[in-house]
Amino acid sequence: MALDFAQKTIHLTEGKSLYFASDFHLGVPDRARSLEREKKVISWLDEVQKDAQVIFLVGDLFDFWFEYKQVVPKGFVRFLGKLAEISDKGIELVIFTGNHDMWMRDYFEKELNALVSRNPVSYRIRTASGTTSLLTGHGDGLGPGDFTYKKLKILFENPVARWAFRQLHPDVSLRIANAWSRHSRISNNEKGEDTFKGEDQEWLYLFCKETENIQHHDLYIFGHRHLPLDLPVTGNSRYINLGEWVNDSRYFRFNTEEAQLKKW
């Protein structure tokens with residue numbers, strides 16, 4: 001397995017933290033419950049911005065997102081406004097696209113000064129006490145298996161397919177997307193039925209194991225799985241899955257004092 005992750009370094013200031021969260025899926029299962037979840041996310045952002053140096057939002061923030069050149073989906077103004085406020089305070093925002101919001105263009109970069117990444121990124125976090133390496137991204141399409149989705153992802157990321165979808169009027173395209181969302185696993189999994197499949201069946205965990213054999217990371221932090229996990233990859237490496245916010249509310253905090261998956 002060849003590794004071609006982008007490499008970046010963060011110099012973490014004493015007293016500051018890095019925060020990671022994913023899979024808000026704003027938009028499902030209906031407007032009322034999505035609005036309630038949006039307010040919960042905002043309350044979390046209000047709290048973590050007190051000591052945040054970087055906030056990583058690791059994909060599927062929306063259950064569907066498609067940017068036309070001059071149009072974005074309406075709604076989620078509280079969430080977007082809070083991100084703008086945080087960015088204006090000088091807190092860095094890093095957003096990874098997920099399988100539900102892979103069609104981000106440049107809106108978040110231009111409006112929120114966010115760094116948008118479509119693939120996992122390898123970070124070196126430097127502090128006064130040493131360096132921690134971590135690999136983070138949404139996690140979709142990684143590891144063995146899930147061949148149907150991997151084929152769909154190739155289609156969805158194809159520039160011709162994106163151009164064809166863009167020719168639809170937004171009212172039509174969003175109607176199609178919302179119908180698709182109603183059949184998604186998160187829309188039909190209100191009781192949190194995702195369960196741990198075992199180390200030999202968890203694709204993202206297997207991806208971490210394969211990667212660790214080639215390039216060491218102290219932490220692997222992903223979303224997508226909808227199941228909060230904190231598993232050892234090796235004796236000095238951990239796989240963190242951030243879970244989701246439709247049925248649960250988890251986030252990961254990293255600083256010189258702790259590296260912990262927490263519940264909001």
Side-chain angles (χ1 to χ4, degrees), residues 21-42 44-46 49 55-89 91-119 121 137-141 149 151-188 223-224 244-246:
S22 74
D23 292 85
F24 301 151
H25 285 276
L26 296 174
V28 295
D30 53 50
R31 185 180 183 280
R33 281 176 283 185
S34 183
L35 178 60
E36 181 181 351
R37 189 180 327 122
E38 182 182 25
K39 291 178 178 178
K40 180 184 283 190
V41 171
I42 290 169
W44 173 73
L45 288 169
D46 276 332
Q49 69 174 308
I55 297 175
F56 293 84
L57 302 178
V58 192
D60 283 359
L61 310 182
F62 311 96
D63 203 63
F64 176 76
W65 183 270
F66 188 91
E67 290 179 32
Y68 291 79
K69 290 183 178 180
Q70 303 295 332
V71 176
V72 297
K74 73 177 184 179
F76 320 119
V77 293
R78 297 165 183 83
F79 175 58
L80 296 175
K82 181 57 63 177
L83 293 183
E85 173 192 312
I86 288 171
S87 177
D88 288 346
K89 290 180 178 179
I91 300 170
E92 185 176 353
L93 295 175
V94 177
I95 298 175
F96 286 87
T97 60
N99 48 303
H100 282 254
D101 48 20
M102 66 174 67
W103 286 329
M104 289 184 181
R105 286 171 53 88
D106 57 5
Y107 180 77
F108 293 90
E109 294 173 341
K110 289 182 176 179
E111 295 296 325
L112 305 176
N113 197 33
L115 177 63
V116 177
S117 296
R118 288 170 171 76
N119 297 301
V121 175
H138 184 60
D140 57 311
Y149 170 69
K151 292 178 181 178
L152 283 173
K153 185 175 182 180
I154 292 173
L155 172 63
F156 290 156
E157 291 184 334
N158 185 288
V160 175
R162 294 174 67 171
W163 175 88
F165 195 80
R166 191 174 294 116
Q167 305 318 300
L168 298 174
H169 188 281
D171 287 347
V172 176
S173 63
L174 289 172
R175 190 178 304 122
I176 294 172
N178 290 333
W180 180 283
S181 288
R182 284 194 291 272
H183 297 285
S184 69
R185 61 189 176 117
I186 197 69
S187 296
N188 295 284
H224 184 58
E244 45 79 19
W245 282 59
V246 177

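Just so we're clear, the structure is a prediction, and the values are computed from it rather than from any experiment.
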Test item: T97 and V116 side chains (from C-beta on) under 4.5 Å apart, heavy atoms: yes
Nearest-0.5 Å distance, CG of residue N113 to OG of residue S87: 4.5 Å
N/O donor-acceptor pair under 3.5 Å between R37 side chain and H25 backbone: yes
Heavy-atom donor-acceptor pair, E38 side chain to F79 backbone, under 3.5 Å: yes
Separation between CD of Q49 and NZ of K89, rounded to the nearest 0.5 Å: 3.5 Å
Worked verdict on E111 versus L83 for side chain to side chain contact (heavy atoms under 4.5 Å, CB included): CA-CA 10 Å; E111 295 296 325; L83 293 183; over 6 Å; no
Centroid-centroid under 6.0 Å between F108 and W65 rings: yes
Residue pair F56 / S22, side-chain heavy-atom distance below 4.5 Å: no
Geometric class of the W245/F24 ring pair [parallel <30°, tilted 30-60°, perpendicular >60°]: perpendicular
Note, R33 side chain near V246 side chain (heavy atom, < 4.5 Å): no
Gap between atom CD1 of I42 and atom CD of E85 - 0.5 Å precision: 9.5 Å
Side-chain touch L61/L26, heavy atoms, less than 4.5 angstrom: no
Distance-minimising heavy-atom pair for G27 and F76: N-CE2, 3.7 Å
Nearest-0.5 Å distance, NE2 of residue H138 to CG of residue D101: 7.5 Å
Main-chain N/O of D60 paired with N99 side-chain donor or acceptor, under 3.5 Å: no
Atom pair CG (D23) and CG (D63), whose distance is rounded to the nearest 0.5 Å: 10.0 Å
Taking every non-hydrogen atom, the tightest pair across I95 and A114: CD1-CB, 4.0 Å
Value rounded to 0.5 Å, distance of NE2 in H224 from CZ in F96: 15.0 Å
K82 vs W44 side-chain heavy atoms within contact, under 4.5 Å: no
I86 to L93 - nearest heavy-atom pair and separation: CG2-CD2, 4.0 Å
Donor-acceptor contact below 3.5 Å, side chain E67 vs main chain Y107: yes
